[in-house]
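Quick note: residue numbers are just sequence positions, from 1.
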Amino acid sequence: MSKYYLNYLDELESEAIYILREVWAQFENPVILFSGGKDSILVTHLAKKAFYPNKIPFALMHVDTGHNFPETIEFRNDLVEKLGVKLIVGSVQESIDNGRVAEEKGKNATRNALQITTLLDAIEMNKIDCAIGGGRRDEEKARAKERFFSHRDDFGQWDPKNQRPELWNLLNGKHFDGEHFRAFPISNWTEMDVWNYIKRENIKIPSLYFAHERKVVFRNNSWIPVSEYLKLEESEQIEKKKIRFRTLGDITITGGIESHADNLDKIVQEVSAMRKTERGDRSDDKRSETAMEDRKKQGYF
């Protein structure tokens with residue numbers, strides 16, 4: 001009898017599809033957390049495969065800080081229209097206007113942490129019992145502690161020391177009213193896996209991931225794009241550089257790298273030589289050694 005083998009990308013795809021189908025089987029009202037970044041795009045593509053020929057059964061939820069790259073919002077809207085899925089938008093600006101959160105002040109002010117309240121409010125308002133994210137264990141040490149099914153209590157908080165075992169890939173989504181789960185179907189993928197899969201599947205991604213000329217300033221050891229939201233110091237000089245972004249967040253905190261990788265082949269080659277995590281240029285993660293974990297405990301992505 002001949003043996004059938006899956007290559008490593010097929011194995012990762014199969015695992016992710018299994019988790020997505022488990023989410024649909026175990027929860028009443030799950031959504032995909034969609035930022036317009038490559039990981040959430042990948043999760044959405046996998047959901048298409050998991051339920052083909054039917055449409056994706058999940059709505060997409062975007063927590064809009066109001067400080068997004070314009071290219072990201074345009075990509076999001078085009079994809080939602082193409083897929084014919086429901087889009088739920090939680091607005092950080094509305095949270096500020098309603099007094100739910102207070103805007104940060106100063107040079108390094110960001111709306112990143114403000115997303116927590118907006119996200120938890122949107123989850124409660126829409127009665128969502130599972131939010132599917134594109135977090136991966138290789139991104140950051142706090143994300144390495146997550147399970148595939150990650151429990152959140154009735155305050156939306158995460159306890160990294162009290163998680164359910166997942167022996168033999170048995171996933172337990174039982175929860176009380178008011179609690180919810182986060183699910184991470186691509187948790188075992190690496191950045192290189194993501195790019196190789198995007199290349200293989202010919203998945204469309206925002207132009208921000210490809211090298212392009214942009215006005216930037218050098219801050220916190222990263223090239224931060226110039227925008228209407230960036231407050232410049234007197235000593236900072238605006239330069240024009242050919243850069244690309246390895247990860248996408250708010251335009252105020254997402255640092256680019258100098259690069260000539262303007263196609264997928266060049267990106268794969270560039271990433272293969274990288275020795276720095278892709279979130280190494282995110283200024284929100286540089287605030288402290290435990291910045292990500294502290295935010296996640298409060299309900300962050």
Which residues pass the salt bridge (Lys or Arg N to Asp or Glu O under 4.0 Å) test with [X], sequence neighbours left out?
X	value
Asp153	none
Glu124	none
Glu239	Lys241
Lys49	Glu13, Glu201

For Thr190 against Arg136, the heavy-atom pair lying closest together
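What the structure gives for the nearest pair is C-NE, 3.7 Å.
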
Using the test side-chain contact (heavy atoms from CB on, under 4.5 Å), find all partners of [X] that sit at least two apart in sequence or belong to another chain.
X	answer
Met274	Arg246, Ile257, Glu270
Val101	Ser95, Ile96, Leu114, Thr117
Arg164	His151, Asn172, Lys174, Phe181

Euclidean distance, [Y] [atom2] relative to [X] [atom1], rounded to 0.5 Å:
X	Y	atom1	atom2	value
Leu264	Asn202	CG	CG	7.5 Å
Arg147	Gln163	CZ	CD	5.0 Å
Leu248	Glu71	CG	CD	9.0 Å

Please say yes or no: joined through hydrophobic side-chain contacts below 4.5 Å, possibly via intermediate residues, are [X] and [Y] part of one cluster?
X	Y	answer
Tyr52	Ile203	no
Trp195	Tyr8	yes
Ile224	Ile238	yes
Ile73	Tyr209	no

How far apart are the C-alpha atoms of Asp138 and Trp189, what are their side-chain angles, what is the distance that settles it, and do they pass the side chain to side chain contact (heavy atoms under 4.5 Å, CB included) test?
CA-CA 8 Å; Asp138 78 319; Trp189 297 52; over 6 Å; no

Does any donor atom in the side chain of Gln93 or Asp97 lie under 3.5 Å from an acceptor atom in the other side chain?
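Their side chains do contain a donor-acceptor pair, which is all the 3.5 Å distance test asks for.
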
Will you find, in the side chains of Thr118 and Asp121, an N or O donor that is under 3.5 Å from an N or O acceptor?
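No donor-acceptor contact under 3.5 Å links the two side chains.
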
Can you list the residues that meet the ring pair (Phe, Tyr, Trp, His ring centres under 6.0 Å) rule with Phe69, with sequence neighbours excluded?
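So Phe69 forms a ring pair (Phe, Tyr, Trp, His ring centres under 6.0 Å) with Phe245.
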
Partners of Tyr18 by ring pair (Phe, Tyr, Trp, His ring centres under 6.0 Å), sequence neighbours excluded?
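Checked Tyr18 against ring pair (Phe, Tyr, Trp, His ring centres under 6.0 Å); zero matches.
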
Got Leu171 and Glu166 here, is their nearest side-chain heavy-atom distance under 4.5 Å?
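In contact.
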
For the residue pair Asp129 and Pro30, establish whether any side-chain heavy-atom pair is separated by less than 4.5 Å.
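The answer is yes, as the side chains (C-beta and beyond) meet within the 4.5 Å cut-off.
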
Are any of the side-chain nitrogens in Lys82 or Asp78 under 4.0 Å away from the carboxylate oxygens of its partner?
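No salt bridge links Lys82 with Asp78.
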
Go through Tyr197 and Leu46 one step at a time and tell me if the side chain to side chain contact (heavy atoms under 4.5 Å, CB included) criterion holds.
CA-CA 11 Å; Tyr197 189 81; Leu46 290 164; 3.5 Å; yes

Using the ring centroid of each side chain, check whether Phe27 and His175 are separated by less than 6.0 Å.
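Yes, the ring of Phe27 comes within the 6.0 Å limit of the ring of His175, centre to centre.
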
Hey, could you give me each pair passing ring pair (Phe, Tyr, Trp, His ring centres under 6.0 Å) that has a residue in residues 78-103? Not counting sequence neighbours.
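Qualifying pairs, neighbours excluded: none.
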
Checking Val80 against Asn77 for the side chain to side chain contact (heavy atoms under 4.5 Å, CB included) test, could you report, in this order, the C-alpha distance in whole Å, the side-chain angles of both residues, the deciding distance, and whether it holds?
CA-CA 5 Å; Val80 167; Asn77 294 339; 5.8 Å; no

Hydrophobic cluster mates of Trp168, side-chain heavy atoms under 4.5 angstrom, ILVMFWY only, any path?
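Joined to Trp168, directly or through intermediates: Leu167, Leu170.
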
Checking side-chain contact (heavy atoms from CB on, under 4.5 Å) against Ile32, which of Val43, Val85, Ile88 comes through?
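With Ile32 as partner, side-chain contact (heavy atoms from CB on, under 4.5 Å) holds for just one option, Val43.
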
Validation: residues 56-67 side-chain donor-acceptor distances under 3.5 Å, sequence neighbours left out:
unit_1, atom_1, unit_2, atom_2, d
His62, ND1, Arg76, NH1, 2.8
Asp64, OD1, Gly66, N, 2.8
Asp64, OD1, Asn68, ND2, 2.4
Thr65, OG1, His67, N, 3.1
Thr65, OG1, Asp250, OD1, 2.5
Thr65, OG1, Asp250, OD2, 3.3

Side chain to side chain contact (heavy atoms under 4.5 Å, CB included) for Asn188 and Phe148? Distances and angles first, verdict last.
CA-CA 9 Å; Asn188 284 336; Phe148 287 127; 3.4 Å; yes

